[in-house]
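First the structure, in the form of structure tokens, and then the observations on it.
These numbers come from the heavy atoms of this one structure, side chains and all, not from hydrogens, waters or symmetry mates. Indexing begins at 1, ligand by ligand and atom by atom, following the structure's order. Everything quoted here is computed from the prediction, not taken from an experiment.
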Amino acid sequence: SACSSRFVRSQLHPMWQEPLEMPGGERQSPIDISLQKSVFDPNLKPLVTQYDPRTCQQVWNNGYSFLVEYDDTTDKSTLRGGPLEDQFRLCQFHFHWGENNTWGSEHTVDRHLYPAELHLVHWNADKYALFEEAIMEENGLAVIGVFLKVGKRHEGLQKLVDALPAVRHKDSVVEFTKFDPSCLLPESMNEYWTYAGSLTTPPLTEAVTWIILKQAIEVSHEQLAVFRSLLFTSAEEEVQKSMVNNFRVQQPLKGRTIRSSFS
Ligand SMILES: Cc1ccnc(S(N)(=O)=O)n1
Ligand SMILES: [Zn+2]
């Protein structure tokens with residue numbers, strides 16, 4: 001689907017080194033969400049997601065994470081409400097995680113690290129025709145961030161976990177259908193933080209309205225261990241490198257305001 005983000009390899013080294021800085025980066029991501037600095041905004045609305053599992057297409061290891069990609073050629077899987085003025089289309093979701101359960105998330109809350117973080121990536125289909133267009137536009141994208149914590153096994157996630165061995169190596173793809181990503185959302189969709197930021201992997205464009213949910217979802221240690229069994233490297237490479245710690249270093253807030261939908 002159009003949203004599969006093809007990274008410019010020249011900007012990144014195989015082993016997840018900090019990519020070239022985005023020129024003039026005034027609104028880079030990820031950041032620490034300081035509760036003290038966040039401002040309650042009573043005008044923020046609840047988030048409205050409508051995802052159609054029939055738009056789910058495939059899982060792809062792109063060498064930095066594994067992406068579950070959706071058909072975004074129609075308005076079947078959408079996000080609106082919250083801080084958003086327009087309707088956004090789901091194009092993919094992916095995760096970031098650590099080598100152990102101590103760290104792995106990209107965002108933190110008062111410096112609290114989670115073992116992993118889910119990103120549901122949407123683009124503004126009211127204003128743009130293609131994901132690749134929206135990715136270059138200020139506020140062309142809206143990404144929902146969900147923290148993962150270790151606890152009971154997540155039954156909905158298990159179908160995806162069972163598909164991961166098929167995409168162990170970079171550039172591998174496997175068909176994956178009828179998956180409803182709303183099973184990965186916590187009960188509370190009306191408690192979140194939102195701020196203006198960027199993509200956290202190349203092209204690092206400052207196009208993202210970030211919406212970070214306050215309530216984490218629980219997954220088991222064994223499920224996270226399967227994430228860590230993936231590889232950054234392709235089948236041809238001699239030295240195989242475990243896909244772990246695929247998060248970006250945190251970026252300066254630079255005077256931005258973080259708004260909260262709850263007091
Ligand atoms: C689609 C896409 C590309 C790069 N980075 C991200 S992320 N990690 O900011 O969600 N998403
Ligand atoms: Zn991400």
* Asked: Is Thr201 close to ligand 1, meaning an N/O of one under 3.5 Å from an N/O of the other?
  ->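 Yes, there is a polar N/O contact under 3.5 Å.
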Can you list the atoms of ligand 1 that are under 4.0 Å from a heavy atom of [X]?
X      : answer
His96  : 8 (N)
Phe131 : 1 (C)
His94  : 7 (S), 8 (N), 10 (O), 11 (N)

* Which bit of Trp123 gets closer than 4.0 Å to ligand 1, counting heavy atoms only: side chain, backbone, both or neither? ->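 Under 4.0 Å from ligand 1, Trp123 contributes no heavy atoms.
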* To do: Start with the C-alpha gap between Trp60 and Val167, add the side-chain angles, then the distance that decides, and say whether side-chain contact (heavy atoms from CB on, under 4.5 Å) holds.
  => CA-CA 6 Å; Trp60 175 47; Val167 289; over 6 Å; no
For the residue pair [X] and [Y], is the inter-centroid distance of their aromatic rings smaller than 6.0 Å?
X      : Y      : result
Phe40  : Phe262 : no
Trp97  : Tyr114 : no
His107 : Tyr195 : yes
Phe232 : Tyr64  : no

* Any heavy atom of Tyr64 sitting closer than 4.0 Å to ligand 1? ->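 Checking ligand 1 against Tyr64, which is what was asked, there is no heavy-atom contact under 4.0 Å.
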* Taking the non-hydrogen atoms of Gln92, is any one of them nearer than 4.0 angstrom to ligand 1? ->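 For ligand 1, residue contact (heavy atoms, under 4.0 Å) with Gln92 is present.
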* Asked: Is Asp71 salt-bridged to Lys76, cutoff N-O under 4.0 Å?
  ->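 Salt bridge flag = no for Lys76 with Asp71.
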* Asked: Considering only N, O or S atoms, which atom of His94 is nearest to the Zn ion (ligand 2)?
  ->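 The atom in question is NE2.
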* Can you name the N, O or S atom of His119 that is closest to the Zn ion (ligand 2)? ->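 Of all N, O or S atoms in His119, the Zn ion (ligand 2) lies closest to ND1.
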* Do the numbers put Lys159 on top of the ring of Phe176, so that NZ or CZ is under 6.0 Å from the six-membered ring centre and no more than 45° off the axis? ->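 Yes, a cation-pi geometry.
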* Given Thr205, Thr200, Val208, which has its nearest heavy atom closest to atom 9 (O) of ligand 1? ->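 Looking at heavy atoms only, the winner is Thr200.
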